[in-house]
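Order of appearance sets the numbers: ligands from 1, and atoms from 1 within every ligand.
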Amino acid sequence: MPKLNEHYQNLKENYLFSEIAHRVAAYAKANPDKKVIRLGIGDVTLPLGSLAIQGLHDGVCHMAKAQTFKGYGPEQGYRFLRDAISAYLARNGAAVDADDIFISDGAKSDTGNISELFAADNVILIPDPVYPVYVDSNIMGGKTVTYLAGNAENQFLPMPDPNVHADLIYLCSPNNPTGAVYSHSQLKEWVSYALAHKAVILFDSAYEAFITDPALPRSIYAIEGAKRCAIEFCSLSKTAGFTGTRCGYTIVPKELSFTASNGKEMSLHAMWNRRQSTKFNGTSYIIQTGAAAVFTEEGMKQCQENIRYYQENARLIAGTLAQKGIRYFGGVHSPYIWFECPGGMESWEFFDYLLDKAQVVGTPGAGFGENGRRYFRLTAFGSRENTQEAMRRLEQLFG
Ligand SMILES: *Cc1c(COP(=O)(O)O)cnc(C)c1O
């Protein structure tokens, strides 16, 4: 009989989205005449831009001819895409060597897999609330997590405590679910802390393309010194609508080198390269030709048009909450609006209330951590029409 990885017993039941689906289905069955509007899922809805589609078509055509056919590609991704991403980052104020960029099938895999490079006895800081993958992947590896409390007092942007040591710090900015974005000076404080403690920041910038204020950093490498203390994860999922197409990238600078217990220097770049070359055989060539089209200036303009559409939805949601005196966060540099449940309700209680009284579906904050217990997330990824209708219902509900 195999001995199992019993750390899996320590995972919380992954019931958030299945529980939402279950409650919505039960409601719809009991109320077949009511139209339910879903502003809960963190998934895009607009189709890909024409240039991304052309890039995908080009990749397919190459596969049809012997001269351009591609078999296995480099595990790290094709040079043409790594160069295109490096140029894109440079336009966003971050100088990143194309060699430090690893192409993948998305940021979820990479943010989960990265924990393999680190031993079990590190002090690991993870924000609460946040994207649940960081916590769960560490628990699967038998690791202990320390939570960094995000709350209304710190605007859901927890800052380092110089007197408390950490080895690994996960940061997500713009944050899922709160929409909060670290400023340049705040990230600088994190980088200084990491350098002083010889810690590594694992920075998830999946929503960087939603940042409209040029003063806000879109990459941790916009901060001096970050290449000596940070790994960055990004994805085309929210930037370019690639949630179903699948493409992401992870930046592991060659500067990230640490001394092992036997005195040997170990490079995180070399370790990640070895890990990927061993366990991953590269992202589909066709997807990479589509992705390269996204990172051209024209391709990114098309992505920005879709992002503007979602941001207008976010503005409508935020406007309604503001008008009703409900305290909210995010909604500007993010597709998410995060607000305190009215009347001191718990998030699942509010979920049922909103479904029953307004037929609007959101995401209970409890699904993102203990500190989300009294908060609620609405997303801007719906259609304009549905968002407007949902806001009319909220206005009536909150009189
Ligand atoms: C959506 C999302 C991702 C992207 O995951 P993919 O696997 O690339 O689709 C990564 N991080 C956060 C915080 C997200 O919300």
Side-chain angles (χ1 to χ4, degrees), residues 14 16-17 20 39-46 48 52 77 81 85 88 101-115 125-138 148 150 156-158 169-182 201-211 218-220 230-251 276 280 282-284 287-288 290-291 294-295 303 306-307 310 314 329-331 333-338 362-363 365 367-369 371-372 377-381:
N14 189 10
L16 180 65
F17 290 101
I20 290 174
L39 300 181
I41 48 155
D43 196 356
V44 297
T45 51
L46 293 172
L48 302 188
L81 179 54
I85 294 172
Y88 170 71
I101 301 171
F102 294 82
I103 309 302
S104 72
D105 64 349
K108 189 188 214 176
S109 335
D110 287 0
T111 52
N113 293 332
I114 199 77
S115 69
L125 300 183
I126 300 185
D128 170 357
V130 86
Y131 187 53
V133 174
Y134 320 145
V135 170
D136 286 354
S137 54
N138 277 291
L148 268 173
F156 290 95
L157 293 168
I169 304 128
Y170 287 78
L171 296 177
C172 180
S173 176
N175 180 283
N176 177 9
T178 69
V181 193
Y182 281 111
I201 296 172
L202 302 167
F203 190 77
D204 187 341
S205 62
Y207 296 93
E208 58 84 17
F210 283 76
I211 293 177
R218 290 177 60 168
S219 162
I220 189 125
I231 291 174
E232 180 163 301
F233 305 91
C234 199
S235 167
L236 282 77
S237 283
K238 316 306 167 14
T239 301
F242 267 47
T243 50
T245 312
R246 310 303 308 141
C247 191
Y249 54 99
T250 291
I251 302 160
Q276 290 298 85
F280 181 62
T283 302
S284 155
I287 300 303
Q288 292 190 63
V294 163
F295 288 104
C303 295
N306 284 358
I307 288 174
Y310 296 135
F329 300 84
H333 308 290
S334 160
Y336 301 127
I337 294 93
W338 177 252
T363 313
F368 302 97
N371 286 332
R377 188 189 78 175
L378 288 178
T379 89
F381 287 132

Do the rings of Tyr310 and Phe210 sit parallel, tilted or perpendicular, given the 30° and 60° boundaries?
-> parallel
Can you tell me which residue and heavy atom of the protein come closest to atom 7 (O) of ligand 1, and the distance to 0.1 Å?
-> Arg246 NH2, 2.7 Å
Would you mind checking which non-hydrogen protein atom is closest to atom 9 (O) of ligand 1, with the distance to 0.1 Å?
-> Ser237 OG, 2.6 Å
Contact check: [X] vs ligand 1, nitrogen or oxygen atoms, below 3.5 angstrom:
| X | value |
| --- | --- |
| Ala107 | yes |
| Ser235 | yes |
| Tyr207 | yes |
| Asp105 | no |

Which of the numbered atoms in ligand 1 are below 4.0 angstrom from a heavy atom of [X]?
| X | value |
| --- | --- |
| Lys108 | 5 (O), 6 (P), 7 (O) |
| Lys238 | 1 (C), 2 (C), 3 (C), 4 (C), 14 (C), 15 (O) |
| Gly106 | 7 (O), 8 (O) |
| Ala206 | 3 (C), 10 (C), 11 (N), 12 (C) |

Looking only at non-hydrogen atoms, find the nearest pair between [X] and [Y] and report the distance.
| X | Y | answer |
| --- | --- | --- |
| Gly362 | Ile20 | O-CD1, 3.9 Å |
| Pro129 | Gly150 | CD-O, 3.9 Å |
| Val181 | Ile211 | CG1-CD1, 3.9 Å |

With no hydrogens and no angle check, do the side chains of Ser104 and Asp110 hold a donor and an acceptor under 3.5 Å apart?
-> yes
Would a 4.5 Å heavy-atom cut-off, applied to side chains only, mark Thr243 and Lys238 as touching?
-> yes
Reported OG1-to-CD distance for the pair Thr239 and Glu208, which is rounded to 0.5 angstrom | 5.0 Å
Whether Asp204 lies under 4.0 Å from ligand 1, heavy atom | yes
Does at least one non-hydrogen atom of Cys172 fall below 4.0 angstrom from an atom of ligand 1?
-> yes
Ring centres under 6.0 angstrom apart (Tyr336, Tyr207) | yes
